[in-house]
Protein chains: 2
Amino acid sequence: MKSKIKIILADDHAVLRAGLKLLLNNEPDFIVVGETSDGEKVLALLEELTADVLIIDLSMPNMGGLECIKEIKSRGYPIKILVLTMYEDEQYIKEAMRSGALGYVEKHAVDTELFIAVKTVNMGQRYLNPHNSQLLLNSLLTNTPKESADDPYTLLSPREREVLKYMVRGYSMSQTGKMLCLSVKTVDTYKTRMMEKLGLTEKSQLVDYALKYDLLPAKSE
Amino acid sequence: MKSKIKIILADDHAVLRAGLKLLLNNEPDFIVVGETSDGEKVLALLEELTADVLIIDLSMPNMGGLECIKEIKSRGYPIKILVLTMYEDEQYIKEAMRSGALGYVEKHAVDTELFIAVKTVNMGQRYLNPHNSQLLLNSLLTNTPKESADDPYTLLSPREREVLKYMVRGYSMSQTGKMLCLSVKTVDTYKTRMMEKLGLTEKSQLVDYALKYDLLPAKSE
DNA sequence: ATTAATGTAAGATAAATTCCTACATTATGA
DNA sequence: TCATAATGTAGGAATTTATCTTACATTAAT
């Protein structure tokens with residue numbers, strides 16, 4: 001009988017950590033040997049015990065996940081690192097992978113994907129979320145530090161973004177035009193171009209897009 | 001032997017949900033009878049099954065937690081609502097409590113606190129994170145004894161809110177009409193009535209209003 | 001039982017959007 | 001560096017949408 005994969009959990013949400021621990025311990029192949037909510041304490045833990053895989057959240061107090069990963073690598077611990085986070089921000093993933101993480105799983109993922117990811121990185125192989133792997137591998141390999149493929153700050157021109165912000169807030173084209181001292185026609189052009197660039201056909205999709213990229217103002221109380 | 005407390009889980013992070021489910025099911029007093037990652041599906045679930053407590057995350061796709069809570073209340077489901085979130089933003093907590101949540105637990109909390117919270121709200125009593133309870137109780141009691149005068153759930157009719165949601169998401173009147181199987185004219189009437197009720201003159205003000213009251217869907221990653 | 005609110009919708013008119021085209025002015029890549 | 005793509009700007013005509021007004025049946029409330 002082969003031995004279980006020893007896991008350390010690092011996530012600052014205690015109740016979720018507890019659930020995750022149970023989830024993993026419930027599987028015959030895994031055993032959680034340590035857990036912590038704090039980046040610095042991860043390093044302390046590694047002094048005390050050995051484990052095969054570290055499942056780490058990028059956002060933790062004291063020492064962020066990224067920093068922690070770098071430190072682990074620079075100290076030469078042989079532990080495999082699997083990043084578990086809710087951001088699917090490509091920037092973060094790339095940074096984490098470059099820093100020495102072997103794999104990346106979103107919190108949105110289901111349990112089975114987590115299990116597979118743990119096993120994969122435990123074998124020393126990379127694991128990337130299927131959704132991101134294509135893009136990521138490309139951008140990791142080509143080493144182009146450009147932002148995510150549909151990021152508004154790379155895809156849309158400044159003026160277009162400006163117009164977008166007004167439009168999605170319910171301003172009509174003419175109103176937007178007035179706000180920005182542009183002809184309605186110009187606003188129209190921007191809108192058309194944005195739709196083309198983003199491959200959209202409905203105004204509501206533009207709103208979705210703006211929502212996705214936080215282009216709407218924060219809730220004002 | 002008294003029956004277990006039936007729980008529905010609503011959190012968009014599947015792997016965490018799985019852990020949480022195991023954590024709760026592991027306790028003799030609880031049983032998770034349903035789970036979902038989506039605000040709208042919470043409502044669908046409530047149609048299908050009955051449960052005692054809904055544990056809900058505030059940030060979910062399609063329909064944010066706040067909106068979802070309000071809708072549950074407006075539909076009159078007797079389920080007790082416990083908010084589980086990582087934000088310790090007082091504003092959010094207040095809003096959630098005002099909207100009808102009975103309790104609030106941070107994801108940072110340990111499992112035992114979660115258990116206590118579930119039991120507390122199940123009895124119909126409020127549960128507030130010890131850290132926040134002081135502040136909150138105060139501001140809940142002093143600052144807002146009344147439903148805020150322009151709350152959409154007191155001012156607007158259900159159908160009006162429905163229409164509003166589509167309109168502010170960039171759907172045209174005709175599109176909204178199609179979505180809701182209404183004549184454009186009917187949609188028009190609702191819009192006009194809402195504007196009158198709220199004393200607004202511009203569509204953009206409607207969007208602001210929706211933004212203020214979380215009537216837009218949460219950012220979908 | 002009468003009024004107020006709600007859910008529904010049509011017609012005529014006014015306004016906004018769409019589609020196509022156009023043209024300087026930068027960037028930018030070959 | 002020279003062609004080409006991207007950007008910022010806008011007009012006209014055709015079409016779609018929105019607005020304003022009015023209407024009516026059904027509940028909810030007083």
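Below, chain A is the first sequence line, B the second, and so on; all start at residue 1. Remember, predicted model here, so these are calculated numbers, not experimental data.
One finds the CG atom of B:Leu206 at 5.5 Å from the CG atom of B:Leu200 (value rounded to the nearest 0.5 Å).
A:Lys203 comes within contact range of no nucleotide atom at all, as no heavy-atom separation falls under 4.0 Å. Among the heavy atoms of the strands, none lies under 4.0 Å from A:Thr192.
At least one donor-acceptor pair closer than 3.5 Å links the side chain of B:Gln205 to the backbone N or O of B:Glu202.
Atom-to-atom, NZ of A:Lys191 to C1' of D:dT7 comes out at 19 Å; the value is rounded to the nearest Å. B:Glu196 places its CD atom 13 Å from the C1' atom of D:dT22, with the value rounded to the nearest Å. One atom, CG of A:Leu164, and another, P of D:dG8, lie 14 Å apart when rounded to the nearest Å.
Put simply, A:Ser157 has a side-chain N or O that comes within less than 4.0 Å of OP1 or OP2 on D:dG8. In this structure, A:Thr186 does not reach the D:dT9 phosphate: none of its side-chain N or O atoms is under 4.0 Å from OP1 or OP2. The shortest distance between the side-chain N/O atoms of B:Tyr190 and the OP1/OP2 oxygens of C:dT8 is below 4.0 Å.
Mapping B:Glu160 and A:Met173 onto DNA chain C by nearest heavy atom places B:Glu160 closer to the 5' end of the strand.
Between C:dT18, D:dT7, D:dA18, one nucleotide has an atom nearer to the side chain of A:Arg193 than all others, and that is D:dT7. Checked against C:dA9, D:dT7, C:dG7, the side chain of B:Pro158 finds its nearest nucleotide in C:dG7. When the nucleotides C:dT6, D:dT19, C:dC19 are ranked by their closest atom to the side chain of B:Asp188, D:dT19 comes out on top.
Counting distance only, with no hydrogens placed and no angle test, the side-chain atoms of A:Ser172 and the base atoms of C:dA16 include no donor-acceptor pair under 3.5 Å. Applying the 3.5 Å distance criterion, the base of C:dT21 shares no donor-acceptor pair with the side chain of A:Lys185.
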